[in-house]
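Just so it is clear, the structure is predicted and the values come from calculations on it, not from any experiment.
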Amino acid sequence: MCQPRQSRALVIVNTDFRSSNGDTVFETRKGARREAEKLSKVLSWLNYEVKLTHNKTAKEIQELYQQESRSEHGEYFVSIISSHGAEGFIFGCDSEPVQLSRIFQILSSKKCPALTKIPKIFFIQACRGRELDQGVAVECDSGEPGCFPHYLSIPPQTAVMFACSPGYVAFLNLCGSMFLQALLKVLEGEERHLALNRLATRVNWEVAFHCQARGTYQGCKEMPCFLTNLQQEAFPFAA
């Protein structure tokens with residue numbers, strides 16, 4: 001009897017950023033690499049075939065998703081991106097932007113028919129602006145003008161969870177990020193058996209009530225934002 005194909009996971013973590021002439025452009029993201037390695041191990045434990053990559057340029061990031069579009073997939077495709085970013089895009093290690101809409105389009109049914117029925121789930125740890133969240137409730141569909149095009153480009157059978165709301169920063173320290181540490185805790189616990197929308201709500205709860213910034217930004221918060229075009233309940237991490 002043929003064994004079912006493994007679900008696949010692509011983890012991209014960028015920690016060091018330089019321009020084309022070798023100058024350092026963004027602050028080094030200390031703590032992000034070890035966090036991504038922990039998440040990769042958990043996904044492997046949950047029976048995903050995991051590809052973990054470090055410090056990829058904007059072009060290389062797009063090529064990684066092109067490779068995934070040509071791969072044989074199991075029941076789900078999960079991708080975790082950890083990098084610097086702004087509203088609607090993340091940065092490659094060459095400090096060049098990659099539009100999130102471009103990534104979603106590469107894996108859309110139009111470009112990749114093989115993934116049409118497979119839920120594609122993204123967790124994105126990156127800033128979406130420069131505003132600091134002081135703990136006041138914010139609407140997930142607010143933000144700066146022009147923030148909607150990449151929402152509208154999320155194709156069917158796709159879900160995206162951002163570390164923060166539009167226009168706000170996402171925090172990271174030596175121990176990792178608020179968002180991915182909360183996700184890691186949920187995946188290691190019994191909550192991993194929940195449907196994706198309930199799992200995302202649990203991550204929101206962890207970040208909202210158990211996380212706040214320290215040091216320079218003491219007391220600041222962040223609120224993850226979950227968007228979905230899935231057409232059925234998904235249980236991507238259930239044993």
Student: Is a side-chain donor or acceptor of Tyr168 paired with a backbone partner of Ala163 at a separation under 3.5 angstrom?
Tutor: no

Student: Can you give me the closest heavy-atom contact between Ala36 and Val11, atom names plus distance?
Tutor: CB-CG1, 4.0 Å

Student: Could you tell me the separation between the CG atom of Asp94 and the CG atom of Asn14, rounded to the nearest 0.5 Å?
Tutor: 8.5 Å

Student: Would Val42 and Glu188 count as a side chain to side chain contact (heavy atoms under 4.5 Å, CB included) here? Give the steps.
Tutor: CA-CA 7 Å; Val42 170; Glu188 290 176 330; 3.9 Å; yes

Student: Salt bridge check, Lys41 against Glu37: does any charged N sit closer than 4.0 Å to a carboxylate O?
Tutor: no

Student: Counting neighbours of CD on Gln99 that are heavy atoms of other residues, nucleotides or ligands and sit closer than 6.0 Å, is the number greater than 12?
Tutor: no

Student: Hey, could you give me the CG/OG distance between Leu115 and Ser108, rounded to the nearest 0.5 Å?
Tutor: 9.5 Å

Student: Over all heavy atoms of both residues, which pair between Cys127 and Ala170 is shortest? Give the atoms and the distance, please.
Tutor: SG-N, 3.3 Å

Student: Would you indicate whether the side-chain heavy atoms of Val160 and Phe162 approach each other to under 4.5 Å?
Tutor: yes

Student: With a 3.5 Å cut-off and no angle check, do the side chains of Tyr65 and Ser79 form a donor-acceptor pair?
Tutor: yes

Student: Give me the one residue out of Lys111, Arg8, Lys120 that meets salt bridge (charged side-chain N to carboxylate O under 4.0 Å, His left out) with Glu68.
Tutor: Arg8

Student: Verify salt bridge (Lys or Arg N to Asp or Glu O under 4.0 Å) between Arg202 and Glu206, making sure each step is shown before the conclusion.
Tutor: CA-CA 6 Å; Arg202 182 65 187 183; Glu206 287 287 343; 3.4 Å; yes

Student: Is a donor on one side and an acceptor on the other found under 3.5 Å between the side chain of Ser7 and the backbone of Glu75?
Tutor: yes

Student: Below 4.5 Å, heavy atoms only, C-beta onward: do Phe122 and Ile103 meet side chain to side chain?
Tutor: yes

Student: Under 3.5 Å, side chain of Thr228 to main-chain N/O of Leu230, donor-acceptor pair present?
Tutor: yes

Student: For the rings on Phe17 and His84, is their centre-to-centre separation under 6.0 Å?
Tutor: yes

Student: Nearest 0.5 Å, please: how far is CG in Leu100 from CD in Glu87?
Tutor: 8.5 Å

Student: Does any non-hydrogen side-chain atom of Thr57 lie less than 4.5 Å from one of Glu96?
Tutor: no

Student: Find out if a path of hydrophobic residues (ILVMFWY) with successive side-chain heavy-atom gaps under 4.5 Å connects Ile121 to Phe179.
Tutor: yes

Student: Measuring only between side-chain heavy atoms, which start at C-beta, is Ile81 closer than 4.5 Å to Val13?
Tutor: no

Student: For the CD atom of Gln125 and the CZ atom of Arg29, what is their distance to the nearest 0.5 Å?
Tutor: 6.0 Å

Student: To the nearest 0.5 Å, what is the distance between OG1 (Thr158) and CZ (Phe77)?
Tutor: 10.0 Å

Student: For a side-chain hydrogen bond (donor to acceptor under 3.5 Å, both in side chains) check, start with the C-alpha distance between Gln67 and Lys51, then their side-chain angles and the critical distance, and finish with the verdict.
Tutor: CA-CA 11 Å; Gln67 291 170 17; Lys51 184 172 186 177; 2.9 Å; yes

Student: Quick one, Arg5 and His73 - any side-chain contact, counting heavy atoms below 4.5 Å?
Tutor: no

Student: Please report the shortest heavy-atom distance between Tyr48 and Ala9, naming the atom on each side.
Tutor: CD2-CB, 3.9 Å

Student: Do Pro97 and Ile90 touch side chain to side chain, with heavy atoms closer than 4.5 Å?
Tutor: no

Student: I'd like to know whether Glu35 forms a side-chain hydrogen bond (donor to acceptor under 3.5 Å, both in side chains) with Ser177, so could you lay out the CA-CA distance, the side-chain angles of the two residues, the decisive distance to 0.1 Å, and finally the verdict.
Tutor: CA-CA 8 Å; Glu35 178 177 71; Ser177 65; 3.1 Å; yes

Student: Could you state whether Leu172 and Val169 fall into the same hydrophobic cluster, counting links through intermediate Ile, Leu, Val, Met, Phe, Trp or Tyr residues with side-chain heavy atoms under 4.5 angstrom apart?
Tutor: no

Student: Glu60 versus Glu63: any side-chain heavy-atom pair under 4.5 Å?
Tutor: yes

Student: Where is the tightest heavy-atom contact between Leu194 and Leu199, given as atom of each residue plus distance?
Tutor: CB-N, 4.1 Å

Student: Distance from Ile80 atom CD1 to Met161 atom CE, nearest 0.5 Å?
Tutor: 12.0 Å

Student: Specify whether Phe237 and Phe123 have parallel, tilted or perpendicular ring planes, treating 30° as the upper limit for parallel and 60° as the lower limit for perpendicular.
Tutor: tilted

Student: State, with a plain yes or no, whether a side-chain heavy atom of Gln157 is found less than 4.5 Å away from one of Thr116.
Tutor: no

Student: Please determine whether the number of non-hydrogen atoms from other residues, nucleotides or ligands lying under 6.0 Å from atom CD of Gln232 exceeds 12.
Tutor: yes

Student: Can we call the ring centroids of Phe89 and Phe91 under 6.0 Å apart?
Tutor: yes

Student: Taking all atoms of both residues into account, what is the closest heavy-atom pair of Cys225 and Arg128, and its distance?
Tutor: CB-NH1, 3.8 Å

Student: What are the two closest non-hydrogen atoms of Gln62 and Val98, and how far apart are they?
Tutor: CG-CG1, 4.0 Å

Student: Quick check against the 3.5 Å criterion: does Ser95 have a side-chain atom that pairs as donor or acceptor with the backbone of Arg18?
Tutor: yes

Student: Kindly determine whether Leu183 and Leu180 satisfy side chain to side chain contact (heavy atoms under 4.5 Å, CB included), including the steps that lead there.
Tutor: CA-CA 5 Å; Leu183 176 62; Leu180 293 184; 4.1 Å; yes

Student: Going by the rule side chain to side chain contact (heavy atoms under 4.5 Å, CB included), which residues pair with Asn197 if we only count those two or more places apart in sequence or in a different chain?
Tutor: Ala195, Phe226, Glu233

